[in-house]
Amino acid sequence: MTPSNTVVTRFAPSPSGHLHVGGARTALFCWAYARGRSGKLVLRIEDTDQKRSSDSASVGFARDLKWLGIAWDEGPEFEGCGGGPHGPYFQSERLETYQRYLDQLIASGVAYYAFESPQELTAMREAAKAQNRPFRYTGEVARALPPDRVRAMLAEGRPAVVRFHTPPGAITIVDEVLGTALIPDGETDDFVIRKADGYPTYHFAVVVDDELMGVTHVLRAQEHFNNTAKHIVLQDALGFRRPTYGHLPLIFNPDGSKMSKRDKDKVLRKALVEKGVTEPPTATVTRQRFTAWMADKTMQLELEETMALAEAYQVALPEINVDDFRRSGYLPEVLCNFLSLNGWSPGGDLETFDNEFLASHFDLDRVVKTPAKFDRAKLLAFNLHAIASMPREEFVRRTAAHGAAFHPSFMERLSSEQFSGLCNASHERSKTLDDLFRTNTFITTADDLLVWDSKATRKVLEGGSPSGFHHLKALREVLVTTDDWTVAGLEGVITPYAVRSAEGNLGAVAQPLRVAVSGSTVSPPIFDTLAILGKASALRRIDRCLAHSPATL
RNA sequence: GGCCCCAUCGUCUAGCCUGGUCCAGGACACCUCCCUUUCAAGGAGGACACAUGGGUUCGAAUCCCAUUGGGGUCACCA
């Protein structure tokens, strides 16, 4: 059993999508707060919305939390995490528990059945709005219903919700981040605590579960701040203790908009319009769906469809979910580090730290009150520094794991020697674990499929005096006779050539070579590039390049 | 619109509680130069903020008030 003085925090997502960075930050702070105080973190799945919950989502949450290094002590069981005496940890499996407390409230007369339909309520709201006054459900009509009439209506099977009768009086919220706030009398109306489908609402389930699971500290996003008043009156009515509250500042897009999955649709649609795409590639989405989506800016595709289209047209989608960041090659420890800097700081100039440091230093009094805009450029810089400072072996290992997960065909086409050569050449210029795969596709392109059709490549080959082609042709003869096809060996013949024939200007000979073997002006250092490709492949590419525009020689 | 909350460089923030050491510190981004076989990285510089107006005080980024601006919330969603 958990000792009564133990700190217990909880992360309680609703499984309606993927774990996004805001949720991850909340989870991280909950974890850090508990861990730094030898407490416990409870993971609870708030799946009381039958329409929006999906089973796969909660598994996704578990995996994402694990990847971030956030371990929960109690909750759904997943790879060594979870379990515990307060289960089940899915709210949809706790319905009897909620009913028990609900009966208690009804019996004591502070909760009552209400029979207005959603349509009626909408009409009431609109009427209030038309008169320019706020709508508050006070339930005079419903509460005036005689008990036997209520029983009769229920017996008839009339759809009904249960509402909580909020007692009069102002409500004081004490928050460890925002301070004390006074919610005036009448602001909190008689809210629904059980829906017509028999499920509890968020407010009711949260209050019951936090009590039963021994939660001492509720750390959640600031959007829940006003809900706290509802939770407090419920706690009082049920005789529960009040946990300590800390409301965390929200995280937004750089432009101030809310981060949402819609952002992906937005970016993708814009990119496709710019590319003039009018037909979906096969095996992505149906044509009707595609056309409808292109025309309707509010329409959202399924995540899989969005990804498939982005993949097909090489559109980089904004990362929103934790999984997006993993896919993009960010390190989990960096994401955590950066995320914790959005809304908290250890003070002073320190910015780089790990989760253990966070756990031992995190406190609510250093949580800022202002919302943060998520700066991907800074995240990227953090990631770059973390990658640069990791040992080479670790870089190779983690890059290989990333490749196996997200670029299997790339990995298959490279021998382990080629791959480690590529890692050596790419480590210091990698901002993410994904960079190497995205920027070196020329390696896995077949020798006879390489093209040199850009303005830049033409300029490199045709320009200069003597021209790039001239150097390339001369270099070809040098390379044919080179047997030591290694970084050092290649440098040993190419640098002397540059000294001999290009006034020591290595760039004048490296660029034509680079273009010839990679098809572009950007690649890893030229000696590495040649070494990775191997002699046969490199020479084939050079020969094909020379054969392409002999006229300019 | 009602209610609640907030307000330091473009961004994340330090400093604010316990006024003077702050003509405000760090990081990312930006600009310039250097280095350089491309791209990065790296090195050296630079520009950039206390929202406004009133108080209080010998003295305010720091305390108070107002204004303005921003955010949240007003669901049988969480």
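Order of the sequence lines sets the chain letters (A, B, ...), proteins ahead of strands, with each chain counted from 1. Please read all numbers here as calculations on a predicted model, not as lab measurements.
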Inset, instruction - For R366(A), answer base if it contacts any base atom (sugar-phosphate contacts may also be present), sugar-phosphate if it contacts only those atoms, and nothing otherwise; contact means non-hydrogen atoms under 4.0 Å. - result: sugar-phosphate
Legend entry - Separation between the C1' atoms of C16(B) and U8(B), rounded to whole Å: 10 Å
Inset, instruction - For C4(B) versus U18(B), give the span between their P atoms, rounded off to a whole number of Å. - result: 25 Å
Inset, instruction - Determine the contact category for G256(A): base if any of its heavy atoms lies under 4.0 Å from a base atom, sugar-phosphate if only primed atoms, P, OP1 or OP2 are that close, otherwise nothing. - result: nothing
Inset, instruction - Enter the distance from L490(A):CG to D484(A):CG here, rounded to the nearest 0.5 Å. - result: 7.5 Å
Legend entry - Phosphate-side-chain proximity, K195(A) and C77(B), N/O vs OP1/OP2 below 4.0 Å: yes
Legend entry - Sugar-phosphate only, base, or nothing, as touched by A196(A) at under 4.0 Å among non-hydrogen atoms: base
Legend entry - Sugar-phosphate, base or nothing in reach of R163(A), heavy atoms under 4.0 Å: sugar-phosphate
Inset, instruction - May I ask you to evaluate whether T201(A) reaches the phosphate of C76(B), defined as a side-chain N or O under 4.0 Å from OP1 or OP2? - result: no
Legend entry - Within-4.5 Å side-chain heavy-atom neighbours: M213(A) and V42(A): yes
Legend entry - Under-3.5 Å donor-acceptor pair between E223(A) side chain and G72(B) base: no
Inset, instruction - Look at R125(A) and A75(B) and indicate whether a side-chain polar atom (N or O) is within less than 4.0 Å of OP1 or OP2. - result: yes
Inset, instruction - Have a look at L182(A) and say if it touches a base, only the backbone sugar-phosphate, or nothing, with a 4.0 Å heavy-atom cut-off. - result: sugar-phosphate
Legend entry - Nearest to side-chain heavy atoms of N342(A), which nucleotide of C12(B), C77(B), C5(B): C12(B)
Legend entry - Side-chain ion pair, D49(A) and R52(A), N-O less than 4.0 Å: yes
Inset, instruction - For E503(A), look at atom CD and say whether over 12 heavy atoms of other residues, nucleotides or ligands are found less than 6.0 Å away. - result: no
Inset, instruction - State plainly whether the residues D363(A) and R366(A) are in salt-bridge range, i.e. N to O under 4.0 Å. - result: no
Inset, instruction - With heavy atoms under 4.0 Å as the rule, sort P184(A) into base, sugar-phosphate or nothing. - result: sugar-phosphate
Inset, instruction - Report yes if a side-chain nitrogen or oxygen of R136(A) is closer than 4.0 Å to either non-bridging phosphate oxygen (OP1 or OP2) of C3(B); otherwise report no. - result: no
Inset, instruction - Could you check D197(A) against L350(A) and say which one's nearest nucleotide on RNA chain B is further toward the 5' end? - result: L350(A)
Inset, instruction - Scan V161(A) against the nucleic acid and name what it touches under 4.0 Å (heavy atoms): base, sugar-phosphate only, or nothing. - result: base
Legend entry - Whole-angstrom distance between U57(B) and G2(B), as gauged at atom P: 35 Å
Inset, instruction - Using the closest heavy atom to pick a nucleotide of RNA chain B for each, name whichever of N226(A) or Y202(A) lands nearer the 5' end. - result: N226(A)
Inset, instruction - Report which part of the nucleic acid Q119(A) touches: base, sugar-phosphate, or nothing (heavy-atom distance under 4.0 Å, all strands). - result: nothing
Legend entry - Per-nucleotide protein contact string for nucleotides 30-52 of chain B (B base, S sugar-phosphate only, - none; heavy atom under 4.0 Å): -------BBBBSS----------
Legend entry - Gap between atom CG of N342(A) and atom CZ of R25(A) - 0.5 Å precision: 7.0 Å
Inset, instruction - Determine the contact category for H247(A): base if any of its heavy atoms lies under 4.0 Å from a base atom, sugar-phosphate if only primed atoms, P, OP1 or OP2 are that close, otherwise nothing. - result: nothing
Inset, instruction - Examine G72(B): is either OP1 or OP2 under 4.0 Å from a nitrogen or oxygen in the side chain of R220(A)? Give yes or no. - result: no
Inset, instruction - Give a yes-or-no answer on whether the side chains of H402(A) and T432(A) include a donor-acceptor pair shorter than 3.5 Å. - result: no
Legend entry - Test of ring centre spacing under 6.0 Å for F325(A) and F374(A): yes
Inset, instruction - Looking at every strand, decide which applies to L379(A) at a 4.0 Å heavy-atom threshold: base, sugar-phosphate, or nothing. - result: nothing
Inset, instruction - Ignoring hydrogens and angles, answer whether the base of C12(B) and the side-chain atoms of K378(A) contain a donor-acceptor pair closer than 3.5 Å. - result: yes
Inset, instruction - Give E46(A) one of three labels, base, sugar-phosphate or nothing, depending on what nucleic acid heavy atoms sit under 4.0 Å from its own. - result: sugar-phosphate
Inset, instruction - Decide yes or no for V233(A) and F191(A): does some side-chain heavy atom of the first lie under 4.5 Å from some side-chain heavy atom of the second? - result: yes
Inset, instruction - Determine the contact category for V368(A): base if any of its heavy atoms lies under 4.0 Å from a base atom, sugar-phosphate if only primed atoms, P, OP1 or OP2 are that close, otherwise nothing. - result: sugar-phosphate
Legend entry - Sugar-phosphate, base or nothing in reach of N227(A), heavy atoms under 4.0 Å: base
